[in-house]
Amino acid sequence: MSQVRVRFAPSPTGALHIGGVRTALFNYLFARKNNGINILRIEDTDQTRFVPGAENYIIESLKWLGITFDEGVHIGGEYGPYRQSDRKPMYRQYVEQLVASGHAYYAFDTPEELEEMRQRLKDSGMSPQYDATSRMSMKNSLTLSADEVKLKLDAGVPYVIRIKLPRKEEVRFNDLIRGWVSFNTAQLDDKVLMKNDGMPTYHMANIVDDHFMKITHVIRGEEWLSSAPLHVMLYKYLGWEDTMPQFAHLPLILKPEGNGKLSKRDGDRLGFPVFPLEWKDPNTGEISSGYRETGYEPEAVINFLALLGWHPSDNQELFSIEELINAFSLERISKNGAKFDIDKAKWFNHQYLMKRTDEDIAKELLPIFNNKGISTDLSYLTKVVSLTKEKVTFWKEIADIAEYFFKTPTQFDTKVVEKKWKGSIPENLLKFVTRLQNISDFNAQQIESIFHSFAEENEINAGSLMQPLRLAVSGQAGGPPLFEMLELLGKDNVINRIKWACDNLSASSQS
């Protein structure tokens, strides 16, 4: 087999959907597994939908995720340019070749005439498409004489060029995920290959580019499966059938409830990102959340997406990128849609958060604490991270749950106060303070030993005192290991907080 060459070819029409990211990932994994070449190509043939900034957004998103390329619009390569609008001059000759061979034709129909034709077919209960039947009643080079066609071309009458598909012909190809797939051209319409602005449509440009970039495998979403027979016919008509790439159509990413393709609106509705990075629509100003800004680790997003539709040979869930590359194969991709589960994505994120060093997370948190008006140093914040990161899904959450490590709490969990802060609790905590004052080495092991000795000597249930102690020091019902927390806060700090809580909470409970 010749060297594997794959491409990820998004359109710069807005933010990169998470489904597109998965397509990019599977192309990347397949290329790396087979020592192949991974290409980033921008398909901007539809200039009416072009969105400024979208191309850079795509590049930045893939860079953040660690999906790398060997050739592409941002790095160049032997088979460039890699932006279709920069390749515009080369497409026309192949469209004209199809016209000359009788496999394409000029169509001069106006938008009004096209709408009239579609409505007529609808009214007759037929499919409203421009095909082998309906084209014979339209204004094109199949129904007009050669002289009439020349006159229109010379006069500059607007036209498009359409493929001429046979009336009834079976088109078969072997999809690497789905097996043999068959379509009949009677189901297809004569798609436009060249628009009236001289730009090729996606269908034409993508075939020409894949051929000249020597693409060996086209790995793309299921939504392109219905276009595949047209692409197969184009390879055949252009004489490139022998070098046609193999196709692999990935299953859809489904809504969390499982019915239908995941869309941006689903993310908005359920409150999770569907884009890798935050995106501000330049036309509307609308801001959509991103996985990066939400606090996801890029490795977690990669691992989560890899398992949406692909299944390893064992039950392993956590993969490094190297392990993913080694385990990946198209044969283990499902034909069925993969349900999007944001809770699973959060689980993955927690696993990868736990793999990061405490100091690395602390460095990212420092400016957030500074913006809160909390001054701290990296060494202390690193210790705070060590105690709290197990309790969070995203590293940014530490800034919200760990403020008590830096200032005495003045607000307390009301449910714990109501249930636990009663009777002799304040009195017993103040007694415990006298024991803490005598500890010379204020470490977690020593504090815990003194605590249990105190409870036993005073015939107090240790469990009944632990949560009030935590409440007095942190204001919260739960958190990191209690005695390790006390050690980090320091003896004087802990004693002062217990006294403050006993005075203030007791006073408030009596008022």
Side-chain angles (χ1 to χ4, degrees), residues 8 10 15-29 57-58 60-67 221-222 250-279 287-312 314-325 327-328 332-334 336-356 360-361 364 388-401:
F8 176 57
L16 179 61
H17 188 273
I18 204 70
V21 174
R22 188 194 61 172
T23 298
L25 172 62
F26 282 11
N27 274 278
Y28 167 79
L29 295 175
Y57 174 91
I58 292 167
E60 185 183 352
S61 296
L62 298 171
K63 182 179 179 182
W64 174 66
L65 289 162
I67 297 175
E222 181 182 321
L250 306 175
L252 294 177
I253 296 180
L254 304 175
K255 301 172 189 284
E257 55 267 34
N259 56 333
K261 182 180 176 183
L262 180 72
S263 71
K264 173 184 177 294
R265 289 182 297 277
D266 296 311
D268 295 338
R269 174 173 60 89
L270 298 171
F272 59 80
V274 293
F275 300 137
L277 312 183
E278 183 178 273
W279 168 254
I287 296 177
S288 300
S289 63
Y291 279 85
R292 181 178 66 181
E293 290 74 16
T294 302
Y296 280 87
E297 306 298 320
E299 299 87 352
V301 178
I302 288 292
N303 203 150
F304 170 64
L305 288 178
L307 295 177
L308 280 180
W310 171 77
H311 305 282
D314 53 23
N315 293 321
Q316 182 176 347
E317 287 193 289
L318 293 174
F319 290 84
S320 68
I321 193 65
E322 292 78 14
E323 289 172 327
L324 275 177
I325 290 168
F328 186 77
R332 299 202 67 83
I333 295 177
S334 172
N336 302 318
K339 190 185 298 185
F340 189 90
D341 183 351
I342 193 62
D343 290 331
K344 192 67 175 180
K346 290 178 179 178
W347 179 85
F348 273 109
N349 200 68
H350 180 72
Q351 305 308 310
Y352 280 91
L353 180 64
M354 295 301 294
K355 290 174 179 285
R356 290 183 63 183
D360 181 43
I361 298 171
E364 292 200 76
T388 56
K389 72 177 184 180
E390 188 174 352
K391 299 293 183 180
V392 300
T393 300
F394 307 109
W395 63 267
K396 288 183 178 181
E397 293 174 334
I398 294 174
D400 297 322
I401 70 167

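Computed over heavy atoms, backbone and side chain alike; hydrogens, waters and symmetry mates excluded.
Of all heavy-atom pairs spanning Glu60 and Arg292, the tightest one is OE2-NH1, 3.0 Å. Here the shortest heavy-atom pairing between Pro251 and Gly309 reads CG-CA, 4.2 Å. Nearest heavy-atom pair, His350 versus Val392, reported as atom, atom and distance to 0.1 Å: ND1-O, 2.7 Å. Nearest heavy atoms, Leu65 versus Pro298: CD2-O, 3.9 Å. Contact between Gly295 and Asn349 at its shortest, heavy atoms only, is O-ND2, 3.6 Å. Closest of all the heavy-atom pairs between Thr393 and Leu353 is O-CD2, 3.8 Å.
Side-chain rings of Phe272 and Phe340 approach one another, their centers coming within less than 6.0 Å. Not less than 6.0 angstrom separates the ring centroid of Trp310 from the ring centroid of Phe26.
Distance check: Asn259 CG to Lys339 NZ gives 9.0 Å after rounding to the nearest 0.5 Å. Atoms CD1 and OG1, from Ile398 and Thr388 in turn, are 4.0 Å apart once rounded to the nearest 0.5 Å.
In this structure, Arg269 pairs ionically with Glu257, as a charged nitrogen and a carboxylate oxygen lie closer than 4.0 Å.
The number of heavy-atom neighbours closer than 6.0 Å to NZ of Lys264, taken from other residues, nucleotides and ligands shown, is above 12. Residue Lys396 qualifies as enclosed at atom NZ: its count of foreign heavy atoms under 6.0 Å is above 12. Atom NZ of Lys355 sits in a sparse spot, with 12 or fewer heavy atoms from other residues, nucleotides or ligands closer than 6.0 Å. Around the CD atom of Glu323, the shell of radius 6.0 Å holds more than 12 heavy atoms that belong to other residues, nucleotides or ligands.
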Exercise for the section: Please assess Ile18 against Leu308 for the test side chain to side chain contact (heavy atoms under 4.5 Å, CB included), listing each intermediate value before the final yes or no. Expected result: CA-CA 11 Å; Ile18 204 70; Leu308 280 180; over 6 Å; no

Handout entry: Verdict with reasoning, Phe319 to Ile302, per side chain to side chain contact (heavy atoms under 4.5 Å, CB included)
Key = CA-CA 9 Å; Phe319 290 84; Ile302 288 292; over 6 Å; no

Practice task
Start with the C-alpha distance between Leu270 and Ile342, add both sets of side-chain angles, then the distance that settles side chain to side chain contact (heavy atoms under 4.5 Å, CB included), and finish with yes or no.
Solution key: CA-CA 9 Å; Leu270 298 171; Ile342 193 62; over 6 Å; no

Exercise for the section: Before giving the answer on side chain to side chain contact (heavy atoms under 4.5 Å, CB included), spell out for Phe8 and Ile67 the whole-Å C-alpha distance, their side-chain angles and the decisive distance to 0.1 Å. Expected result: CA-CA 11 Å; Phe8 176 57; Ile67 297 175; over 6 Å; no

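Taking the side chain as every heavy atom from C-beta outward, Ser289 and Asp268 never approach each other to under 4.5 Å. Proximity of Ile321 to Glu299: side-chain heavy atoms (C-beta onward) are nowhere separated by under 4.5 Å. Using a 4.5 Å heavy-atom cutoff, the side chains of Ile333 and Leu250 are in contact. At least one side-chain heavy atom of Lys344 sits less than 4.5 Å from a side-chain heavy atom of Glu317. Using a 4.5 Å heavy-atom threshold, the side chains of Trp395 and Lys389 count as separate.
Judged by distance alone, with hydrogens and angles left aside, the side-chain atoms of Glu278 form no donor-acceptor pair with the main-chain N or O of Glu293 at under 3.5 Å. Between the side chain of Asn27 and the main chain of Ala24, no donor-acceptor pair closer than 3.5 Å is present.
Between Ile253 and the choices Glu222, His17, Arg22, the side chain to side chain contact (heavy atoms under 4.5 Å, CB included) rule is met once, by Arg22. Evaluated for a ring-ring contact (aromatic ring centres under 6.0 Å, His included) with Phe394, the options Tyr291, Tyr352, Phe348, Tyr296 yield exactly one hit, Tyr296.
For Arg356, the side chain to side chain donor-acceptor pair (under 3.5 Å) criterion is met by Glu297, Asp360, Glu364, not counting sequence neighbours.
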